[in-house]
J.: 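Starting off with a structure, shown below.
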Amino acid sequence: MADEKDVMRARDISQVSAKQRVGKVLFHILVYAFLIIMALIILFPFYWMIISSMKTYEEYIRSVPTLWPHEINVIANYSNAFSQASLSRLFLNTLYVGVVSTLLSLVITVLSAFAFARLEFKGKNALFAALLATMMIPGELFTITNYQTVTVFGWMNTYTVLIVPFLVSVFYIYLLRQNFLQIPNELYLAAKVDGTSDIKYLWKVMIPLSLPTLISITILKMMGAWNSYIWPRLVTKDDHSLITNGLRNAFTANDGTTNYPVQMAAVAIVSFPLFLVFVFLRKYIMKGVSRSGIKG
Amino acid sequence: MVDSKHQWKAWIYLLPALVLILVFTVWPIINTVRLAFLENYNMMTALKGAKFNINFNNFIKVVQYPGFKSCLLNTVLLCILTVPISTVLALLIAVALNSIKGLQKFLQTVFFLPYVTNSIAIGMVFAAMFNMVGNAYGTQNEIIVTAGIINNIIEFFGGTRVNWINVGSSYLANMTVMVIYIVWNALPFKILILLGGLQSINKQYYDAAKIDGTRKGRILTRITVPLLSPMLAYVIITGFIGGFKEYTSIVGIFGEKLGPADDAGRLNTMVGYIYDSLAGKHQGRASAAALILFGIILVVTLINLRVSKKRVHY
């Protein structure tokens, strides 16, 4: 009798574990299915942008859509996109504003982060806390007065108006200060004993050691110029505006019809540099982003 | 260490940053509050030496303005719809990503892709996907050349097509498109933060649960979510702050008319209202609206912090 019971129990156990194994496999399949479906939803707009930008208008408006262009019309669409939205001018504007504001911003950020991390002065902590507090205020609140300030300064429709108001970012100063603080103070004191000047120490020791953070700041700042829309629309006209401004309305004719393939070509042109940044510099963006939640 | 020579040097290093912050951050805070209480303030007349009464009339004008209610409603609706949906979806994706080995790095890269995009540009792609090309929608003379890829997909699965964003589209359809786009856009940041949090959870908790034979659903609600609660609180709070400032995503989908062609401004938001007032040279009213927005964000953030203090387990 006892033997029979044992055998039955053994069989039960093996059945249970077989069931568990099937369940586990099924669960894994479900997890993968969920992830792959979500990934396809994420990727679909990019796919649609690229294939639409390659179609002719006639093919685009077919009632049964084609999933891959039958007739490839890439060159005409992309060159039309460039000329219709004067993208080359806007691209140069954006590049100029992006590069100049990034360089100046890096200098200002390095100097102030150094002061907050290494130098001693009265009211340092209070000043730093006050700067951090300004990060909580929504940017729209600044825009109203800044609009007025730049009008009084006579900066309307210049490159200066796109660069100067945004040179200082408290968040970047904070990020770099944290990085500077990790560098042992002994290095600084040793350099002082050797008679090295602060600037030389900063250039030879601090900057090389915090290069990853500086790269993160550079990428985020450049992406900011590339994606900024509201401020340039407020303070510039066509000849000084940035790339995103040229995008939205350039492809709709007076009768309201839109040449979608050309529009999608322009969108692809604007997205392409961002895509390159994503492929090659992803880890720096992820590092910067995971500490901020600020886009651009 | 603190001698006068050092002090002097530190201020030199800080000088460029401090000057810019004083002009473009500190002065705006003071001045915007001032303008909000100057009745009908307008920069051009102010420069000519006009005087303005000090009172609450700007705030009253903002609240009484016919478009204000719909701006506030749109903003609040978009917030309370997109924040929970994107948080739950991001949590599920992050947990799923964390539980697999093969393809993990690849899928993680795919899910981060929408972060590095231009929200106007990709909004235009979404608009093209939902857009119908044709004429006289919803009438007897309706001509539809192409219903758009999303409607094609819906019809492929046996559904009926919807007028999402064209002339004659409903508010519900417009909002659905906005919610889909904003959630799509909000996922990568949330997944990044939550996955980072998941990877730092001590594996011992899961081993203990496995020995006890705990079900997977229970592991998620009793171990993962509580241990992840600081990160969840963080993405929810930043999600609400971002949600209340929603504007460019709407320009991306609907263009600068901020609504379907027959009902411009239907989807305008609080930030859009501030910029409209500013473009109309009503700086006083714009300032009052900006202060109202700041007040709303502050209150919502404080509520969030209060709730998370009770719920967050460190």
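Below, chain A is the first sequence line, B the second, and so on; all start at residue 1.
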J.: Could you check whether atom NZ of K124(A) has more than 12 heavy atoms from other residues, nucleotides or ligands sitting under 6.0 Å from it?
T.: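 Enclosed.
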
J.: Given heavy-atom pairs under 4.5 angstrom as the criterion, report whether the side chain, backbone, both or neither of L234(A) touches chain B.
T.: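 The side chain, not the backbone.
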
J.: So for M38(A), is it side chain, backbone, both, or neither that comes closer than 4.5 Å to the heavy atoms of chain B?
T.: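 Both backbone and side chain.
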
J.: For F142(A), is it the side chain, the backbone, both, or neither that has a heavy atom closer than 4.5 Å to a heavy atom of chain B?
T.: both

J.: For residues P65(A) and T146(B), determine if any side-chain heavy atom of one lies less than 4.5 Å from a side-chain heavy atom of the other.
T.: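 A side-chain contact under 4.5 Å is absent here.
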
J.: Taking side chain as everything from C-beta outward and backbone as N, CA, C, O, which of these in T151(A) sits under 4.5 Å from a heavy atom of chain B? Side chain, backbone, both or neither.
T.: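 Only the side chain of T151(A) comes within 4.5 Å of chain B.
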
J.: Just checking F27(A): does its CZ atom have more than 12 heavy atoms from other residues, nucleotides or ligands closer to it than 6.0 angstrom?
T.: no

J.: Select, from S63(A), A115(A), P45(A), S112(A), the one with the greatest count of heavy-atom pairs under 4.5 Å involving chain B.
T.: P45(A)

J.: Which region of K281(B), side chain (C-beta onward) or backbone (N, CA, C, O), has a non-hydrogen atom less than 4.5 Å from a non-hydrogen atom of chain A, or is it both or neither?
T.: side chain

J.: What residue among W8(B), W11(B), Y13(B) forms ring-ring contact (aromatic ring centres under 6.0 Å, His included) with F121(A)?
T.: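 Among the candidates, only W11(B) passes.
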
J.: Of the listed residues (P16(B), G252(B), G123(B), A261(B)), which shares the most heavy-atom pairs with chain A below a 4.5 Å separation?
T.: G252(B)

J.: Which region of T109(B), side chain (C-beta onward) or backbone (N, CA, C, O), has a non-hydrogen atom less than 4.5 Å from a non-hydrogen atom of chain A, or is it both or neither?
T.: both

J.: So for I191(B), is it side chain, backbone, both, or neither that comes closer than 4.5 Å to the heavy atoms of chain A?
T.: neither

J.: Please look at L104(A) and chain B and tell me whether the side chain, the backbone, both or neither of the residue comes under 4.5 angstrom of a heavy atom of that chain.
T.: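 L104(A) has no heavy atom closer than 4.5 Å to chain B.
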
J.: Tell me, for F126(B) versus chain A, whether the close heavy atoms (under 4.5 Å) come from the side chain, the backbone, both or neither.
T.: side chain

J.: Do M206(A) and R118(A) come within less than 4.5 Å of each other through their side chains, counting heavy atoms only?
T.: yes

J.: Under 4.5 Å from any heavy atom of chain A, what part of K216(B) do you find: side chain, backbone, both or neither?
T.: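 Looking at K216(B), just its side chain touches chain A.
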
J.: So for Y41(B), is it side chain, backbone, both, or neither that comes closer than 4.5 Å to the heavy atoms of chain A?
T.: side chain

J.: Compare all side-chain heavy atoms of W231(A) with those of L242(A) and state whether any distance is below 4.5 angstrom.
T.: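 No, their side chains stay 4.5 Å or more apart.
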
J.: What's the shortest heavy-atom distance between A147(B) and M132(B), and which atoms?
T.: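 Here A147(B) and M132(B) meet closest at O-CG, 3.4 Å.
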
J.: For S99(B), is it the side chain, the backbone, both, or neither that has a heavy atom closer than 4.5 Å to a heavy atom of chain A?
T.: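 Both backbone and side chain of S99(B) come within 4.5 Å of chain A.
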
J.: Are side-chain heavy atoms of P188(B) and F111(B) found at a separation under 4.5 Å?
T.: no

J.: With a 4.5 angstrom heavy-atom cut-off, is it the side chain or the backbone of V110(A) that approaches chain B, or both, or neither?
T.: neither

J.: Given a strict heavy-atom distance threshold of 4.5 Å, which part of F244(B) is in contact with chain A: side chain, backbone, both, or neither?
T.: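 Interface part for F244(B): neither.
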
J.: Heavy-atom pairs under 4.5 Å with chain B are the metric here; pick the option from V168(A), V267(A), I61(A), V64(A) that has the most.
T.: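 Maximum pair count with chain B is reached by I61(A).
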
J.: Please report the C-alpha distance between Y188(A) and D198(A) in whole Å, then the side-chain angles of each, then the deciding distance to 0.1 Å, and finally whether the side-chain hydrogen bond (donor to acceptor under 3.5 Å, both in side chains) criterion is met.
T.: CA-CA 9 Å; Y188(A) 180 57; D198(A) 273 356; 2.9 Å; yes

J.: Of the listed residues (V133(B), I100(B), I274(B), V110(B)), which shares the most heavy-atom pairs with chain A below a 4.5 Å separation?
T.: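 Highest number of pairs under 4.5 Å: I100(B).
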
J.: Checking heavy atoms, do the side chain of L30(A), its backbone, both or neither come under 4.5 Å from chain B?
T.: neither

J.: Output the option from V152(A), T149(A), I230(A) having the highest count of non-hydrogen pairs under 4.5 Å with chain B.
T.: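 That would be I230(A).
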
J.: Counting heavy-atom pairs under 4.5 Å with chain A, which one of L15(B), L35(B), N131(B), L293(B) comes out on top?
T.: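 Option with the top pair count is N131(B).
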
J.: Kindly compute the distance separating OG1 (T109(A)) from CG (L167(A)), expressed to the nearest 0.5 Å.
T.: 8.5 Å

J.: Heavy-atom distance under 4.5 Å to chain B: side chain of F166(A), backbone, both or neither?
T.: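 Answer is neither: F166(A) stays 4.5 Å or more from chain B.
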
J.: Quick one: does M156(A)'s side chain get under 4.5 Å of Y147(A)'s, heavy atoms only?
T.: yes

J.: State, without any angle test, whether T145(A) and T32(B) hold a side-chain donor-acceptor pair at a distance under 3.5 Å.
T.: yes

J.: Measuring heavy-atom distances to chain A, does A286(B) have an atom under 4.5 Å in its side chain, in its backbone, in both, or in neither?
T.: both

J.: Going through the distances and angles, do T75(B) and T269(B) end up as a side-chain hydrogen bond (donor to acceptor under 3.5 Å, both in side chains)?
T.: CA-CA 5 Å; T75(B) 312; T269(B) 59; 4.7 Å; no

J.: Shorter than 4.5 Å, heavy atoms on both sides: which option in I149(B), I21(B), V271(B), L298(B) has the most such pairs with chain A?
T.: I149(B)

J.: Just so I understand: if I count every heavy-atom pair under 4.5 Å between each of G102(B), G242(B), G196(B) and chain A, which residue has the most?
T.: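 Max contact count across the listed options: G102(B).
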
J.: Report the option among I173(A), V277(A), N146(A) that has the most heavy-atom pairs separated by less than 4.5 Å from atoms of chain B.
T.: N146(A)

J.: Of the listed residues (Y229(A), W226(A), Y260(A)), which shares the most heavy-atom pairs with chain B below a 4.5 Å separation?
T.: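 Ranked by heavy-atom pairs under 4.5 Å with chain B, first place is Y229(A).
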
J.: Using 0.5 Å steps for rounding, measure from the CG atom of L274(A) to the CG atom of N227(A).
T.: 5.5 Å

J.: Compare all side-chain heavy atoms of S53(A) with those of W48(A) and state whether any distance is below 4.5 angstrom.
T.: no

J.: Looking at F34(A), I want to see if its CZ is surrounded by more than 12 non-hydrogen atoms of other residues, nucleotides or ligands under 6.0 Å.
T.: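 Yes, because the 6.0 Å sphere around CZ of F34(A) holds more than 12 heavy atoms from other groups.
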
J.: Under 4.5 Å heavy-atom distance to chain A, tell me which part of V251(B) shows up: side chain, backbone, both or neither.
T.: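 V251(B) touches chain A through backbone and side-chain heavy atoms alike.
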
J.: Taking every non-hydrogen pair under 4.5 Å, which of N31(B), L113(B), V23(B), I30(B) racks up the most with chain A?
T.: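 Going by pairs under 4.5 Å, I would pick L113(B).
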
J.: Taking atom CD1 of I253(B) and atom CE of M129(B), what is their separation to the nearest 0.5 Å?
T.: 9.0 Å

J.: Can you tell which part of I199(A) gets under 4.5 Å to a heavy atom of chain B, answering side chain, backbone, both or neither?
T.: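 Both parts, backbone and side chain.
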
J.: Under a 4.5 Å cutoff for heavy-atom pairs, which residue among I42(A), V31(A), I108(A) has the most contacts with chain B?
T.: I42(A)

J.: Taking salt bridge (Lys or Arg N to Asp or Glu O under 4.0 Å) as the definition, give me every residue that meets it alongside R34(B), ordered by chain and number, with sequence neighbours left out.
T.: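 None.
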
